[in-house]
There are 2 protein chains.
Amino acid sequence: MSTQAPATIEDVARLAEVSIATVSRAIHNPEKVAKSTRQRVNQAIAITGYTTNAMARSLRMGRSNMILVLAPDIGDPNFSSILIGLENEARAHGYGVLIGHTQNDPERGLEYLKFLNSNQADGLLLFTGHEPFGHQEMTQRLPPTVAVFEPVFGSRVPYVGVDDTAGARKAAEYLLASGHRSIAFIGDSKTRLGHLRRRKGYDLALDAARIAPAQRLVVDGEGTIESGRLAVEQLFMRDTLPTAFMCVNDATAIGVMNGLAARGYDLPRDFSVIGFDDVPQATYMTPALTTVRQPRSAIGRQAMALLLENLTQPLTEQREVLIMPDLVVRGSVTMPGKR
Amino acid sequence: MSTQAPATIEDVARLAEVSIATVSRAIHNPEKVAKSTRQRVNQAIAITGYTTNAMARSLRMGRSNMILVLAPDIGDPNFSSILIGLENEARAHGYGVLIGHTQNDPERGLEYLKFLNSNQADGLLLFTGHEPFGHQEMTQRLPPTVAVFEPVFGSRVPYVGVDDTAGARKAAEYLLASGHRSIAFIGDSKTRLGHLRRRKGYDLALDAARIAPAQRLVVDGEGTIESGRLAVEQLFMRDTLPTAFMCVNDATAIGVMNGLAARGYDLPRDFSVIGFDDVPQATYMTPALTTVRQPRSAIGRQAMALLLENLTQPLTEQREVLIMPDLVVRGSVTMPGKR
DNA sequence: CGATGCAATGTAAACCTTTACATCATCTGT
DNA sequence: ACAGATGATGTAAAGGTTTACATTGCATCG
């Protein structure tokens, strides 16, 4: 009794004294089967504990009702709350979500491609900022795909994410409104589309405030804590310090704050810092980090909605959905010049 | 050309001028097929771009070569590095890993049970500290299961995790060796097995140091940042302060540090704090948190190894694998009495 | 040379569903 | 009373794979 084979549709049919076809119909098209029969079938299902074998079902139907979400790093603080949005939306449409963890390993990527090729998932959601790997050859065979959180560089994959430009502009405008005129941008990049756009938001705000490009301090960085710390060192070398640091993301901002603290400065008295993303850690910094909040669950929800739409009707012209973020005011920005 | 159906084993067979049986053998038992045939088959596979349809394979074989990992919160900082250990070990044995995100929602748990019942996974790894839900009825039908990181309360599910008692004892001994005699334990619990054990390690160390139980300050807590902050307040109310805080985990320790800082104390001069887990954030606290490091990848690796073993030979007597953690010395512990 | 065994390959069943089509009974309208 | 429609159910094929068993050809041995 402990290890009996799971019940099949045939067991149910026998018990309910109908054919397997009727059982299948009773489950999926209840209105097509007489009420009395339906009851008998349901009873039989309850008795046997039958669950339909997803393998057989997918094989027959040619689809799995599963969406694969590919992420390089599950630990990314942005990931989990976006995932919740994705899952909720998927579930509402009868789809399940599988999470693929690539660890930025191309071999992993390839493994998951096999997964897709063998029909184990009907759609693909990319959290990675790039295609599963070398991106030609097999890419043509990819199922409907949507990029989320980070656009796929140099590709026409539809994208759902935050409005980076508008968000960054909000942040910069807040610094300006607080009285800052010397605002550094930390974390400039040539390759990451989202970061490019944040830079653009910064420029737009400063343009509007008539701050000459020559007066803007811009430091490169890859968006890590370490890069933020490094940027501070660099500015000290150059001996040109702003009154406020606008960081391309929260990780950079944390690095900047650490770097300034290590140099003995008192925040937010001596410098203002603003981030982007609103990672969980932002609340627990001293001072708590003022930042732009990613509308994570909205992003997740809409990305999944777009993907599911593309699934049934695969030629959407919609290429980008940008969601407007809010500024979260905490303690890391003050008026300048109190020093 | 864009949307052609994926190649099946039959396409390969036709092209290689053999039967489908031979193709299957060439893939899975290469030694059973003549060298020349094997070459022809491989060529045909390359040309057609054939990948075996996992659905059909699983259906036929009665197993999926997949392991389901159930976690209530993907965002848990402990989760991602354990996952890497799990994945690596699984992969080495030809298994894939699916991640299930329950969000502590019983309905989700149920959904994943269906997943298991329909043979979409051969084994179950619980990261949750409890069974997929109400834990009777369907539990009997569960595939081989192993709990990881947190034991399943009141159940005989095999468990792989850190040696809480030994780790906590190490921490307490380190405080003692640093000269502390008045050490509070923050985060006592009656229900969480791992936390109970940490408490025990604390007691063992203090027993050995001949510190009377009456002199030990023990404060309840559920292991959150908030609970740590609260515990500090409570101690201030009682007006009995230790020189060192031994916290049941890092989250609690962070709360304690925040609480002390909010009261205006200077750490680590005024108080010493030690944690348990070594979450990523521990490095970025000021002072950096001295703590006990979870041997995460080892835990992941061994948990998966145990599960896969149970898969083929399902009656292991081994019920618990405890892995010894190391102390990570940073800046949050100093000698007492400098105040 | 005939029997025996082995290596290489093929044939066909089985895994469990879904669903187009066939069948049958019953009802409607004339 | 009968043609035809309608509704409920059954039959059987198909989906792609693995594998037990059958077949074939060939070499080995007495």
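So that the names make sense, note that chain A is the first sequence line, chain B the second, and so on, each numbered from 1.
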Quiz item: Across the strands shown, which category fits B:S58 at heavy-atom distances under 4.0 angstrom: base, sugar-phosphate, nothing?
Solution: nothing
Quiz item: When you match B:L59 and B:V18 each to their closest nucleotide on DNA chain C, which lands nearer the 5' end?
Solution: B:V18
Quiz prompt | Interatomic distance, A:K32 NZ vs D:dG7 C1' [rounded to whole Å] | solution = 10 Å
Exercise. Nearest whole angstrom, please: distance from the P of C:dC16 to the CD of B:Q120.
Key: 15 Å
Quiz prompt | B:A56, nearest nucleotide to its side chain (from D:dT19, D:dG16, C:dT19) | solution = D:dG16
Self-check item: Value in whole Å for how far the P atom of D:dA14 lies from CG of B:N53
Solution: 17 Å
Quiz item: To the nearest Å, how far apart are A:E10 CD and D:dT11 C1'?
Solution: 13 Å
Practice problem: Rounded to the nearest angstrom, tell me the gap between atom CG in B:D11 and atom P in D:dG16. | Solution: 9 Å
Quiz item: Just checking A:A34: base, sugar-phosphate only, or nothing, at a heavy-atom cut-off of under 4.0 Å?
Solution: sugar-phosphate
Quiz item: Would you call B:R192 and B:D164 a salt bridge, taking side-chain N to carboxylate O under 4.0 Å as the test?
Solution: no
Exercise. May I ask you to evaluate whether A:T37 reaches the phosphate of D:dA8, defined as a side-chain N or O under 4.0 Å from OP1 or OP2?
Key: no
Practice problem: Would you mind reading off the distance between A:E31 atom CD and D:dA8 atom P, rounded to a whole angstrom? | Solution: 10 Å
Self-check item: Parallel, tilted or perpendicular: rings of A:F149 and A:F127 (30°, 60°)
Solution: parallel
Quiz prompt | N/O donor-acceptor pair, side chain A:R25 with base D:dG10, under 3.5 angstrom | solution = yes
Practice problem: Whole angstrom is fine here: how far is it from CE in B:M61 over to C1' in D:dT17? | Solution: 9 Å
Quiz item: In whole Å, what is the span from the NE2 atom of B:H28 to the C1' atom of D:dG16?
Solution: 11 Å
Self-check item: Closest-nucleotide 5' rank along DNA chain D - winner of B:I27 and A:S19
Solution: A:S19
Self-check item: Selection from C:dG10, C:dC16, D:dG10 that lies nearest to any side-chain heavy atom of A:A21
Solution: D:dG10
Quiz item: Can a side chain N or O of A:T22 be found less than 4.0 Å away from OP1 or OP2 on D:dG10?
Solution: yes
Quiz item: Quick one: does B:V33's side chain get under 4.5 Å of B:V41's, heavy atoms only?
Solution: no
Could you give the side-chain donor-acceptor pairs of residues 297-304 of chain A under 3.5 Å, partners two or more places apart or in another chain?
none

Quiz prompt | Closest to side chain of B:V33, choosing from D:dG16, D:dA12, C:dT9 | solution = C:dT9
Quiz item: Tell me, do A:R57 and A:N65 make a side-chain contact under 4.5 Å, heavy atoms counted?
Solution: yes
Quiz item: For C:dT17, does either OP1 or OP2 sit under 4.0 Å from a side-chain N or O belonging to A:S24?
Solution: no
